[in-house]
Amino acid sequence: MEKISNDYRENVRVLDVLLGVGRSCDMVCRDLYVGGRRARFWVIDGFGGDAILERMGAFWLSLQPEAVQGLTEMQQFADRYVTFMEVNVSYDRDDIVTSVLMGKSLLVMEGLSGAALI
C-alpha cells in the first residue's frame, strides 16, 4: 500500500499524473481555496451531478479560515463539511485512484492528511 503524502503539492502532482489530468479530456479538476487553504477537486466529466457539486463547491468556498483552523485530518473536514451521504477518507494512493476511476469525486486539501472520496 502506497500512502499519499502529507505534502499537498506532491499529492496534487502525483494524483494529476495517475488520474490523467491533461491527457484525458474526461478528467476534470478544479482548484479552490477553502477557508484560506488550497484544495483540489477531481471528477470524471459526466459522473458528478453538476448541481450538487456546484452547491457543495459554493459552500466550501464560503468557509472562513476560522472554520478549518485546527483541522489536521480530512476525516475532521468530511465530518463537518461534506454533506454527501457516501463519503470516506482514504490514505491509500491505489484505492484513491481506483475509486475516482470508478466514479467517485476526490478532494484533497492543504494541511489535511488523507483524501475525501465522495
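Computed from a predicted model, the values in this text were never measured in an experiment. Along the sequence shown, the residues carry numbers beginning at 1.
Across all their heavy atoms, Val87 and Ala78 have their closest contact at CG2-CB, 4.3 Å.
Remark: the backbone N or O of Leu32 is not paired with any side-chain donor or acceptor of Arg40 at under 3.5 angstrom. Judged by distance alone, the side chain of Ser62 and the main-chain N or O of Phe59 form a donor-acceptor pair under 3.5 Å. In this structure, the side chain of Ser24 does not engage the main chain of Gly20 through any donor-acceptor pair within 3.5 Å.
With Phe77 as reference, Leu71 is the one residue of Val89, Leu71, Thr72 to meet the side-chain contact (heavy atoms from CB on, under 4.5 Å) rule.
Hydrophobic cluster membership differs between Val21 and Val17, with clusters built from Ile, Leu, Val, Met, Phe, Trp and Tyr side chains linked at under 4.5 angstrom.
Counting only heavy atoms from C-beta outward, the side chains of Phe41 and Ile118 approach each other to under 4.5 Å. Contact check for Asn11 versus Asn6: no side-chain heavy atoms found under the 4.5 Å cut-off. Side-chain contact between Arg93 and Val14 is present, with heavy atoms from C-beta onward closer than 4.5 Å.
The structure places CG of Leu101 at 12.0 Å from CD1 of Ile96, a figure rounded to the nearest 0.5 Å. In this structure, Ile44 CD1 and Ser105 OG are separated by 9.0 Å, a value rounded to the nearest 0.5 Å. With rounding to the nearest 0.5 angstrom, the CE atom of Met74 is 9.5 Å from the CG atom of Leu117. Separation of atoms CG (Leu63) and CD (Gln69) is listed at 13.5 Å; rounding is to 0.5 Å. Within the model, atoms CG of Asp45 and SG of Cys29 stand 11.5 Å from one another, a figure rounded to the nearest 0.5 Å. We find the CE-CG distance between Met27 and Leu15 to be 10.0 Å, quoted to the nearest 0.5 Å.
By the neighbour-count criterion of 12 heavy atoms within 6.0 Å, atom CD of Glu86 is sparsely surrounded, having that number or fewer from other residues, nucleotides or ligands.
For the residue pair Gln76 / Tyr81, no side-chain donor-acceptor distance below 3.5 Å is found, with atom types taken as modelled.
At a threshold of 4.0 Å, the pair Glu110-Arg38 counts as salt-bridged, since one of the basic side-chain nitrogens sits closer than that to a carboxylate oxygen.
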